[in-house]
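See structure below.
By convention here, the first residue in the shown sequence is residue 1. Keep in mind that the numbers below use all heavy atoms, side chains included, and drop hydrogens, waters and symmetry copies.
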Amino acid sequence: GVYWNGSGLFVATADTSLEFQILERKSTTGWSCTERKSQVDITGSRIGRGVAVVGSTLYAVANSGSGADFFIYNVTSSTAPSLIGSLDLGAGGVEVAVSGNYAYIASDDNNQELKVIDISTPATPVQVGSLNLTGNNDGTGIAIVGSKVLLTQGTSFFNINVATPSAPTSLGSVPLGGIGAWIAVYNSTYAFVATGNSAGEVRVINYSANVPTAAGAYNATGSLVARALIIKGTQLYVTTQNNTTGPEFFILNVAAPTTPTLLGSVELGADALAIAVDDNETFAFGSPNLTHRALQVIDVAIPASPVRVAYMPTVNGQIRDYAFANDTLYLATAQTNGEFSIYGKAVVGGSSGGYLTSGTYVSAVLDAGSSANWNTMQWSEYLTGCAAGDIQVQLRTATSSGGLAAELWQGPEGEDADETDYFTDPTGALISTTHNSDRYAQYRLTFSGPGTCTQQLTDVTLTYTPY
């Protein structure tokens with residue numbers, strides 16, 4: 001159901017992990033209010049894997065399928081991207097990096113883990129070079145620095161000479177101690193690698209010589225796998241696999257690159273494969289594998305205390321990669337009917353620029369099927385991102401559904417002459433015996449907050465015993 005009270009929209013949804021939402025019109029140009037500008041659906045049931053943006057051109061790769069796996073789009077208009085050219089790679093692309101007239105692709109082709117594409121004529125890209133690395137692992141992470149490509153394959157990090165793009169050659173490699181993924185270049189000496197090494201999820205590699213060497217590591221609390229990372233200045237942003245009871249998003253200080261230290265962290269709630277940060281280092285974008293919450297916006301203005309401030313329910317497949325450019329966010333996703341998406345800041349009606357400070361939601365009528373004893377009330381709430389917020393619950397019961405409207409809203413004190421008490425303990429409270437023998441029930445949720453954040457409620461449970 002949906003209820004509009006003139007300034008706020010109260011929504012009951014079929015999302016079993018977030019049944020109730022409170023929305024308000026906002027007037028803002030910040031990333032805390034984000035919207036999808038457009039979406040691209042490529043032929044077949046495919047998965048977007050990697051994106052890179054140079055100027056007004058988007059380069060994208062997808063898993064292998066019928067037709068092209070590499071795409072070039074004109075994104076001058078974020079609301080109307082247009083295809084310029086494409087190429088069948090003969091295998092899936094995993095990541096893409098662009099420099100000059102060439103796109104370098106980490107591939108799942110076991111004979112060509114690196115593919116080099118000439119993009120000087122964007123309408124007709126053509127493969128001009130490749131490199132077969134030892135073993136049968138896919139190419140995963142990729143970055144380019146000058147005439148050197150940095151590539152992860154399996155548990156190894158490679159330096160590759162691409163001074164002649166049509167004839168890349170391996171200069172040397174170093175073991176990572178775990179499966180390698182994203183690469184973030186810090187300077188002309190050091191790069192950071194996300195790995196599956198649970199004793200040092202972030203590996204520091206000195207790639208300045210032909211043969212790269214291990215130079216340090218960061219070990220996050222718990223036995224984790226680092227999924228993605230990105231560097232901005234002296235801060236490294238990292239996402240990991242699901243940490244169950246701990247954070248999946250970390251901000252590290254890498255001013256001393258060989259000894260990263262923790263600045264702050266926040267829980268995303270699930271495995272996160274991608275990360276991006278805006279140009280001003282005010283917001284980061286996480287990608288937990290959560291239905292309708294795959295894109296999460298995190299305020300990182302205070303690195304020691306990152307806070308989730310928004311999520312986007314319109315991403316229906318896990319995000320595999322991000323690119324941030326032109327004050328715009330570009331996504332590669334596992335949404336098979338929209339593999340690539342473009343998101344930007346929303347500017348919509350309203351004037352407050354914040355959340356409602358209070359609101360109520362009334363449930364549908366609940367029918368016990370016969371007269372019943374009502375036993376306990378409990379619910380699941382999320383207040384971590386809005387510590388100043390609160391959720392209170394009241395109940396009313398009646399012998400007939402039509403009689404509910406005449407009943408007062410009650411808390412644990414039971415049926416009395418006022419509506420001043422509330423259930424406040426989400427872990428469970430006894431319902432007064434004054435409700436016994438009634439068949440029908442409703443509950444009312446009262447939300448309150450400071451106006452700068454909003455709380456979330458995911459389920460409500462009433463227990464009863466039929467007569």
Side-chain angles (χ1 to χ4, degrees), residues 11 13-15 18 21 23 26 29-88 92-96 98 103 122-123 125 228 270 272-276 278 283-297 310-348:
V11 184
T13 80
D15 183 345
L18 195 66
Q21 300 180 41
L23 310 176
K26 298 180 69 177
T29 57
W31 282 106
S32 59
C33 189
T34 307
E35 67 178 2
R36 187 173 66 200
K37 301 294 185 179
S38 60
Q39 191 173 43
V40 173
D41 182 22
I42 58 179
T43 302
S45 182
R46 309 284 292 282
I47 293 175
R49 284 181 168 175
V51 286
V53 177
V54 178
S56 60
T57 305
L58 170 67
Y59 302 88
V61 291
N63 67 324
S64 182
S66 176
D69 318 290
F70 172 67
F71 307 87
I72 303 176
Y73 294 96
N74 181 338
V75 292
T76 301
S77 169
S78 62
T79 60
S82 58
L83 181 66
I84 300 173
S86 62
L87 177 66
D88 186 346
V94 179
E95 273 286 358
V96 57
V98 176
L273 293 184
I275 190 171
D278 77 347
F283 293 99
F285 307 91
S287 61
N289 187 21
L290 293 171
T291 303
H292 305 309
R293 282 180 285 167
L295 168 52
Q296 295 193 8
V297 183
Y311 66 88
M312 289 304 299
T314 52
V315 181
N316 295 322
Q318 187 170 23
I319 299 168
R320 308 302 291 266
D321 194 16
Y322 284 122
F324 188 93
N326 312 315
D327 204 27
T328 302
L329 190 63
Y330 304 85
L331 284 66
T333 80
Q335 183 172 331
T336 56
N337 63 345
E339 292 83 353
F340 305 110
S341 297
I342 301 176
Y343 279 75
K345 301 170 186 174
V347 181
V348 294

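Checking side-chain atoms of S287 against main-chain N and O of Q318 turns up no donor-acceptor pair under 3.5 Å. Checking side-chain atoms of N326 against main-chain N and O of G55 turns up a donor-acceptor pair under 3.5 Å. In this structure a side-chain-to-backbone donor-acceptor pair under 3.5 Å is present from Y322 to G286.
The two residues A323 and V53 have their closest heavy-atom pair at CB-CG2, 4.0 Å. Among all heavy-atom pairs drawn from V96 and Y59, the shortest one is CG1-O, 3.9 Å. Of all heavy-atom pairs between T34 and W31, the closest is OG1-O, 2.5 Å. Between Y343 and T328 the shortest heavy-atom distance is O-CG2, 3.3 Å. Contact record, K37 with K345: NZ-O, 3.3 Å, taken as the closest heavy-atom pair. Counting all heavy atoms, side chain and backbone alike, I42 lies closest to A62 at CD1-CB, 3.7 Å.
To the nearest 0.5 Å, the span separating CD1 on I342 from OG on S38 amounts to 3.5 Å. Note that OH of Y73 and OG1 of T57 are 13.0 Å apart. Values are rounded to the nearest 0.5 Å.
With sequence neighbours excluded, the residues that form a side-chain contact (heavy atoms from CB on, under 4.5 Å) with N63 are R46, I47, R49.
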List the steps and the verdict of side-chain hydrogen bond (donor to acceptor under 3.5 Å, both in side chains) for D41 and Q39. CA-CA 7 Å; D41 182 22; Q39 191 173 43; over 6 Å; no
Could you go through R36 and L331, starting from their C-alpha distance and side-chain angles, then the distance that decides it, and tell me whether this counts as side-chain contact (heavy atoms from CB on, under 4.5 Å)? CA-CA 10 Å; R36 187 173 66 200; L331 284 66; over 6 Å; no
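Ring pair F285/F324 is parallel by interplanar angle, where below 30° counts as parallel and above 60° as perpendicular.
Using a 4.5 Å cut-off on side-chain heavy atoms (C-beta onward), L273 and N289 make no contact.
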Would you list the atom pairs, donor with acceptor, under 3.5 Å between side chains in residues 75-88 and any protein atom, with sequence neighbours excluded?
from, atom 1, to, atom 2, distance (Å)
T76, OG1, N74, OD1, 2.7
S77, OG, T79, N, 3.4
S77, OG, T79, OG1, 3.1
S77, OG, A80, N, 3.3
D88, OD1, G90, N, 2.8

